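Written below as structure tokens is the structure these notes are about.
What you see is a predicted model, and the numbers here were worked out from it, not measured in a lab.
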Amino acid sequence: MNKTIAYATVQYWLKMPLVISGILFLFGIYLAQCVMSYVSLQGVGHETRWLELSDPLALVLVLGTGIIGRDIASGLLPLILSRPVTRAEYVLTKWLTLSMAASLITILEISIVHGWFLIWDRSGIANLSYLEQVGTAIFTCSGLAAAVVMFSALRPGPFAGTGLWLILYSLMQLMEGLGKQTHADPGPNADPTIVLVFNFFNLLRPLVATLAFPLKNFIANTLSVTEVLQENAIHWLPLGLYLFNLTLAVVIAIHIVNRKELGYGSQ
Amino acid sequence: MATDGIHIENLAKAYQIRTVSNLFGIFSAKKTTINALNGITLNIDPGEAFGIIGPNGAGKTTLMSCLLGFVTPDAGGVKIDGLHPNTIGIRRRIGYLPERLNFDRSMSAYQFLQFHHELAGEPKENCKSDTEKFLDKVELSKQTWHLAISRFSRGMLQRLGLAQALIGKPSYLFLDEPGSGLDPAGVILMRKILLEEKENGMTIVLNSHQLDQIEKLCDRVALIRKGNLEAIENLATSAPGSLERFFVSD
């Protein structure tokens, strides 16, 4: 990891009002959600539910938008790469910086809420595993950051990578939703052509959903520590899948940046 | 540190450009190949100031990009001190001033040089003194040192770019249109600095349209047209105005 590039990336975030206001907004939303959830669920026996509300996806997107694409589009990257910095080191630094920044903010959110409940509602803290939450935050932020960095490397420009990510993510959600739909029925008196279309759709539906699942897991790679450590044993499948997706995203990002031509002629 | 100079062997690079001939551009998009470099071979000796000139679109910037390892050639190769330009060891020996200056404009000139000082892997204890030395060298007044780069004029940016390129005491300095945007005083200062560095043994590769600057600074000049190396002029022996004639005959 190149400390100079990491420091410059953090400095850039701190100077961007849009990034700062985005983080504060997400922070506020999360705290408000926690309070509302606490108020509405109090006494029902679901006191721990508010801590599951922390979703670092939006945070990673706010911080990661243009993390590499901006440098490529603005022409800053050739100047950085004229120094003794390899392209792989540059990509890894950007990924690690994004992962660490998003993890730290998420951990801060979780810690504030834990602290609050520790002070105000001692009964609610009994079943909470703070370390599990922190672990999940780190894994999730790192997984999401890898995909966001990969998309940012793929599409030069400040917003193009995140835009592409959002389109693909929405498409995967849609495909998954299609798979979950109940069997479509054209009705008893339907035209044979309509019946054929419906049958084709019903045949295709599970396939679409099956395809969507790994793709969605790849571009929104998350891991719950609670899931991995269920029943006092390590569940290797989710952990293995997570590590595979993360490694693949980082390797693809490095490959894209390695192959990128940075001359003005090539643009 | 052994300096072997720059060896360019049969360097070729083509770009494919998609041309669109109808509104939607789907059915009639054609790919056109543009040969930016057609098998260029030349050697640049250590300590030499070498100019690259040619009309717009001749392939000068592509050549510079290949020399710096930013662009992968289709054929041939570049060796600096016997190594590929992308080698970390070579990156420690080069300084680069790009044609289009792109900085994080929220940084100040001082922070920008500190950033490059750290990137170049120079000792931390020299950071302050080196930064101030180079800012002084390019004659940026002290009042501007802590101003955001976004408030700099084109000429000030060019001076800052030169200071950045000199950080790390490079053996090879690559300058792409260094004089553009500079006022006459700036041009004279830049020439003075470059001549000093040349006397100290630095190899300078200069891509410029300013023929007088090339003539006053360079030992040899490569004349490039449409990706082809038309000639290499030795300015010590060539007739006056030979560079101008190259452009007039275009």
- Message: Can you confirm whether B/F174 sits close enough to A/S82 that some side-chain heavy atom of one is under 4.5 Å from a side-chain heavy atom of the other?
- Response: no
- Note, B/L68 side chain near A/P78 side chain (heavy atom, < 4.5 Å): no
- Query: Is the CZ atom of B/F134 crowded by more than 12 outside heavy atoms at less than 6.0 Å?
  - Reply: yes
- Can you tell me if NZ on B/K198 sees more than 12 non-hydrogen neighbours from other groups inside 6.0 Å? yes
- Message: Is A/R87 close to chain B through its backbone or its side chain, or both, or neither, when contacts mean heavy atoms under 4.5 Å?
- Response: side chain
- Task: Test salt bridge (Lys or Arg N to Asp or Glu O under 4.0 Å) on A/E261 and B/K13 and set out the steps.
- Result: CA-CA 12 Å; A/E261 302 228 307; B/K13 179 72 190 171; 2.8 Å; yes
- Honestly, the part of A/K260 sitting under 4.5 Å from a heavy atom of chain B is backbone
- Item | Atom CG of A/L14 with >12 non-hydrogen neighbours under 6.0 angstrom | yes
- Query: Considering residues, nucleotides and ligands other than B/E9, do more than 12 of their heavy atoms fall under 6.0 Å from its CD?
  - Reply: no
- Note on the structure: Per-residue tally against chain A (heavy atom, under 4.5 Å) across B/A120, B/A165, B/G161 peaks at B/A120
- Quick one: are B/H117 and A/T4 in side-chain contact, heavy atoms under 4.5 Å? no
- Flag side-chain contact, heavy atom, 4.5 Å: A/I5 against B/L119: yes
- Does CZ in B/R154 sit with more than 12 non-hydrogen atoms of other residues, nucleotides or ligands closer than 6.0 Å? yes
- Task: Step through the shown structure and confirm whether more than 12 heavy atoms of other residues, nucleotides or ligands are within 6.0 Å of NZ on A/K216.
- Result: yes
- Message: Measuring from atom CZ of B/F112 to atom CG of A/L79, what distance do you get when rounded to the nearest 0.5 angstrom?
- Response: 5.0 Å
- Message: Counting C-beta onward and ignoring hydrogens, is there a side-chain heavy-atom pair between A/K15 and B/M107 closer than 4.5 Å?
- Response: yes
- Message: Quick check on B/I90 against chain A: is it the side chain, the backbone, both or neither that has a heavy atom closer than 4.5 Å?
- Response: neither
- Is a side-chain N or O of B/R91 found less than 3.5 angstrom from the main chain of A/V85, in a donor-acceptor match? yes
- Item | Chi angles and distances behind the side chain to side chain contact (heavy atoms under 4.5 Å, CB included) call for B/Q164, A/R83 | CA-CA 11 Å; B/Q164 170 275 134; A/R83 297 291 172 195; 3.0 Å; yes
- Query: Is the number of heavy atoms from other residues, nucleotides or ligands under 6.0 Å of A/H255 NE2 greater than 12?
  - Reply: no
